[in-house]
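Below, chain A is the first sequence line, B the second, and so on; all start at residue 1. Model, not experiment: these values are computed from the prediction.
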Amino acid sequence: AQKITQTQPGMFVQEKEAVTLDCTYDTSDPSYGLFWYKQPSSGEMIFLIYQGSYDQQNATEGRYSLNFQKARKSANLVISASQLGDSAMYFCAMRDEGTGTASKLTFGTGTRLQVTL
Amino acid sequence: EAGVAQSPRYKIIEKRQSVAFWCNPISGHATLYWYQQILGQGPKLLIQFQNNGVVDDSQLPKDRFSAERLKGVDSTLKIQPAKLEDSAVYLCASSLFGRRTDTQYFGPGTRLTVL
């Protein structure tokens with residue numbers, strides 16, 4: 001069974017600063033994917049970034065980067081140059097990418113990020 | 001490109017009543033997912049469709065929840081009868097082929113309150 005742990009219920013960061021949101025995972029699957037989604041107060045889950053378990057390099061998407069440490073089973077999200085619009089809930093999720101067609105995402109409990117002036 | 005559409009956005013019912021939610025995925029997406037997100041938790045998969053066939057419904061409470069995806073496009077999730085613990089946001093997502101490496105795109109959700 002897969003498990004995602006996000007230990008930070010809430011985080012504060014000043015505008016223009018960088019912030020790291022923690023995520024650890026547990027799985028017995030040899031092939032898996034790790035995701036980060038942003039959920040603003042409107043409720044929609046917005047895809048931010050993806051990292052495959054066999055990817056050699058850490059994923060980056062604009063101001064988002066994923067610090068993937070496979071041996072530690074961690075997949076932390078780094079947001080550089082925070083903006084007020086980054087205030088939201090952030091969810092780490094994972095998915096088995098082996099055989100079969102079932103492809104559900106398993107989510108953590110989320111971290112609420114508040115960006116301040 | 002239009003995103004995943006869901007309706008209604010909000011619904012309030014009394015326990016033991018029935019309710020239905022509708023989802024229209026991104027055009028051309030073969031795979032459709034329904035997730036339940038209880039307050040303070042991450043979403044949990046209820047059911048996954050590949051075209052109009054069910055791939056995974058292992059966490060769907062089948063005694064009260066049902067879902068269908070006729071013609072492999074839009075989908076309806078029904079709860080009958082509703083319980084207090086069904087209060088949650090119901091999120092619909094879709095992906096292009098349903099391959100394990102395809103990104104899932106989510107709709108705005110339906111917030112259900114059961115009184």
Side-chain angles (χ1 to χ4, degrees), chain A residues 1-10 21 23-25 27 29-55 59 61 64 88-112, chain B residues 2-11 21 23 26 29-51 53-60 88-113:
Chain A
Q2 299 176 335
K3 185 176 180 181
I4 293 284
T5 302
Q6 295 181 255
T7 57
Q8 306 156 313
L21 306 183
C23 172
T24 59
Y25 62 91
T27 182
D29 300 315
S31 178
Y32 52 89
L34 294 155
F35 299 78
W36 278 91
Y37 281 84
K38 172 184 178 181
Q39 188 175 44
S41 55
S42 59
E44 185 173 351
M45 299 286 281
I46 302 168
F47 166 72
L48 295 178
I49 196 166
Y50 163 82
Q51 178 86 41
S53 59
Y54 290 112
D55 292 344
E61 290 285 350
Y64 304 108
M89 282 291 288
Y90 287 80
F91 289 94
C92 180
M94 75 179 301
R95 177 178 66 190
D96 173 21
E97 294 186 349
T99 58
T101 53
S103 53
K104 72 175 183 183
L105 290 169
T106 299
F107 287 85
T109 52
T111 296
R112 181 169 298 281
Chain B
V4 177
Q6 290 187 247
S7 68
R9 290 296 313 277
Y10 305 91
K11 190 75 177 179
F21 313 128
C23 171
I26 293 172
H29 279 199
T31 307
L32 186 147
Y33 311 79
W34 283 102
Y35 287 85
Q36 179 193 57
Q37 185 179 17
I38 293 172
L39 186 65
Q41 299 180 18
K44 181 187 78 173
L45 180 75
L46 292 176
I47 189 166
Q48 176 189 343
F49 290 97
Q50 181 76 14
N51 296 307
V54 175
V55 173
D56 184 357
D57 63 356
S58 57
Q59 297 187 93
L60 185 74
V89 176
Y90 291 85
L91 294 162
C92 180
S94 70
S95 65
L96 187 55
F97 294 118
R99 292 172 305 197
R100 294 186 164 212
T101 50
D102 288 339
T103 299
Q104 295 180 26
Y105 297 94
F106 286 78
T110 296
R111 183 177 298 276
L112 173 67
T113 302

Chain A shares the most heavy-atom pairs under 4.5 Å, among B:Ser58, B:Gly109, B:Ala93, B:Gly42, with B:Gly42

Bottom line for B:Gln6: the part with an atom under 4.5 Å from chain A's heavy atoms is neither

Whatever's closer than 4.5 Å to a heavy atom in chain B on A:Tyr32 counts as neither

Closest heavy-atom pair, B:Pro43 versus A:Met45, reported as atoms and distance to 0.1 Å, is CG-CE, 4.0 Å

NZ of A:Lys104 to CG of B:Leu46, rounded to nearest 0.5 Å, is 11.0 Å

Output for pair (A:Tyr37 OH, B:Thr103 OG1), nearest 0.5 Å, gives 6.0 Å

Whatever's closer than 4.5 Å to a heavy atom in chain B on A:Leu105 counts as both

Applying a strict 4.5 Å limit to non-hydrogen atoms, the region of A:Gln6 in contact with chain B is neither

Okay, B:Arg111 and chain A: the region with an atom under 4.5 Å from a heavy atom over there is neither

CZ (A:Phe107) and CD (B:Gln41) are apart, to the nearest 0.5 Å, by 13.0 Å

Between B:Phe106 and A:Phe47, does the ring centre distance come in under 6.0 Å?
no

Answer key: most heavy-atom pairs under 4.5 Å with chain A among B:Lys44, B:Gln37, B:Arg9 is B:Gln37

